[in-house]
Amino acid sequence: MTTHGRNSHGAASNRTRMISVGVALAAVVAGAGIWVSQADDGGSQSVADSGMPSANGGLGDAGAAAASGAEAANSGPLSELDKTFMVKVRQAGLWEIPAGRMAQTQASSEAIKRAGMHLLDGHSRLDQLVREDAKALSSSIPDEASAEQQQWVEQMKNAKGEKFDQLFVDLLRAAHGKIFIVIGEVRAATKNHTVRRLAKITNETVMDHMEVLEDTGLLTDAVLDDVAASAK
């Protein structure tokens, strides 16, 4: 009888301990479930707000904006030539994009229309880039082409066919040749990393445009002499 009582008491104790362990495990699982649920609901927002890298390796909007601003702020001193260069890139787009559009309807040569498409594509991308860079560097750029550039646009508006073709090449190849010289000066001397990158991309774009303009077969010595004179 005494042995039976001890066995019964021991079994009861074991059941009690097992129940206690089970309750503790249930509490841990429940707590983990609540934590995961909260993380699912608010985790993305917390990452974006904190500027920490998100799951895809990027930054939240606030973090990306801060990184972009910091890069521009730390990209080096901005010279007067740097500022002038950004103005010229902006103004180039303001008259050469319309010129490229006119080439599609007023030119008689497919080569001119092709050159016009290169102008449209290249200067659309450059214009977006220079506006972003100027904003990041707090540098002012215009919203209008220069008075001379506006006159060139008016001249092309009044030309058709072969007359338009020659005028297009004369004006655009001279303009690209002159800015090409400025690009070299900026790229060689600028201390600003953002401007150096802009100069590199502008250089590649201008080279492409000069080549397609030359491919028309309408480039004259007078235009090249004009460009050479501007470099002196």
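Numbering of residues begins at 1 and proceeds along the displayed sequence.
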Treat each ILVMFWY residue as a node, draw an edge where side-chain heavy atoms are under 4.5 Å apart, and state whether [X] and [Y] are in one component.
X: V89; Y: M210; result: yes
X: I201; Y: V186; result: yes
X: L129; Y: V182; result: yes
X: F164; Y: L172; result: yes

For residues [X] and [Y], report the shortest heavy-atom separation together with the two atoms involved.
X: F168; Y: A99; result: CE1-O, 3.5 Å
X: G161; Y: S108; result: C-OG, 3.6 Å
X: G93; Y: P98; result: O-CD, 3.9 Å
X: A231; Y: I181; result: CB-CD1, 3.5 Å
X: T205; Y: G122; result: CG2-CA, 3.9 Å
X: V223; Y: A174; result: CG1-N, 3.8 Å

Hey, could you give me the [atom1]/[atom2] distance between [X] and [Y], rounded to the nearest 0.5 Å?
X: S230; Y: D225; atom1: OG; atom2: CG; answer: 11.0 Å
X: L94; Y: H123; atom1: CG; atom2: NE2; answer: 10.5 Å
X: T216; Y: I112; atom1: OG1; atom2: CD1; answer: 4.5 Å
X: L78; Y: T194; atom1: CG; atom2: OG1; answer: 9.0 Å
X: T220; Y: R173; atom1: OG1; atom2: CZ; answer: 10.0 Å
X: D208; Y: L119; atom1: CG; atom2: CG; answer: 9.0 Å

Worksheet, complete the sentence: salt bridge (charged side-chain N to carboxylate O under 4.0 Å, His left out) pairs touching residues 101-113, sequence neighbours excluded, are E110-K113
Worksheet item: Going by the salt bridge (charged side-chain N to carboxylate O under 4.0 Å, His left out) test, which pairs reach into residues 156-168, not counting sequence neighbours?
Response: E154-K157
Could you tell me whether the side chain of [Y] reaches within less than 4.5 Å of the side chain of [X], counting heavy atoms only?
X: E211; Y: M207; result: yes
X: M102; Y: V153; result: yes
X: V130; Y: L126; result: no
X: V195; Y: K83; result: no

Item to complete: Name all residues meeting the ring pair (Phe, Tyr, Trp, His ring centres under 6.0 Å) criterion together with H118; count only those two or more places apart in sequence or in a different chain, and write none if there are none.
Response: none
Response to the item:
Sorted by chain and residue number, the ring pair (Phe, Tyr, Trp, His ring centres under 6.0 Å) partners of F180 (sequence neighbours excluded) come out as none
Worksheet entry | Pair listing, ring-ring contact (aromatic ring centres under 6.0 Å, His included) test, anchored in residues 81-101, at least two apart | W95-W152
Worksheet item: So with a 6.0 Å cut-off around CG of N158, is the heavy-atom count from everything else above 12?
Response: yes
Worksheet item: Any ion pair linking D82 and K191 (charged N to carboxylate O, less than 4.0 Å)?
Response: no
Discussion item. Evaluate I97 against L120 for side chain to side chain contact (heavy atoms under 4.5 Å, CB included), listing each step before the verdict.
Written reply: CA-CA 5 Å; I97 290 174; L120 278 170; 3.8 Å; yes
Worksheet item: Pick from H176, H209, Q91: which one makes a side-chain hydrogen bond (donor to acceptor under 3.5 Å, both in side chains) with E96?
Response: H176
Side chains of residues 139-148: which donor-acceptor partners sit under 3.5 Å, not counting sequence neighbours?
from, atom 1, to, atom 2, distance (Å)
D143, OD1, R90, NH2, 3.2
S146, OG, Q149, N, 3.2
S146, OG, Q149, OE1, 3.2

Discussion item. Whether the side chain of Q106 engages the backbone of M156 through a donor-acceptor N/O pair (distance < 3.5 Å, no angle test) should be reported.
Written reply: yes
Worksheet item: Where do L213 and L219 land on the side chain to side chain contact (heavy atoms under 4.5 Å, CB included) test, with the steps shown first?
Response: CA-CA 7 Å; L213 288 165; L219 177 62; over 6 Å; no
Worksheet item: What's the verdict on side chain to side chain contact (heavy atoms under 4.5 Å, CB included) for T190 and L81, showing C-alpha distance, side-chain angles and the deciding distance?
Response: CA-CA 8 Å; T190 184; L81 179 59; over 6 Å; no
Practice prompt. Please step through side chain to side chain contact (heavy atoms under 4.5 Å, CB included) for the pair M117 and R114, ending with a clear verdict.
Written response: CA-CA 5 Å; M117 288 303 298; R114 177 173 175 266; 5.7 Å; no
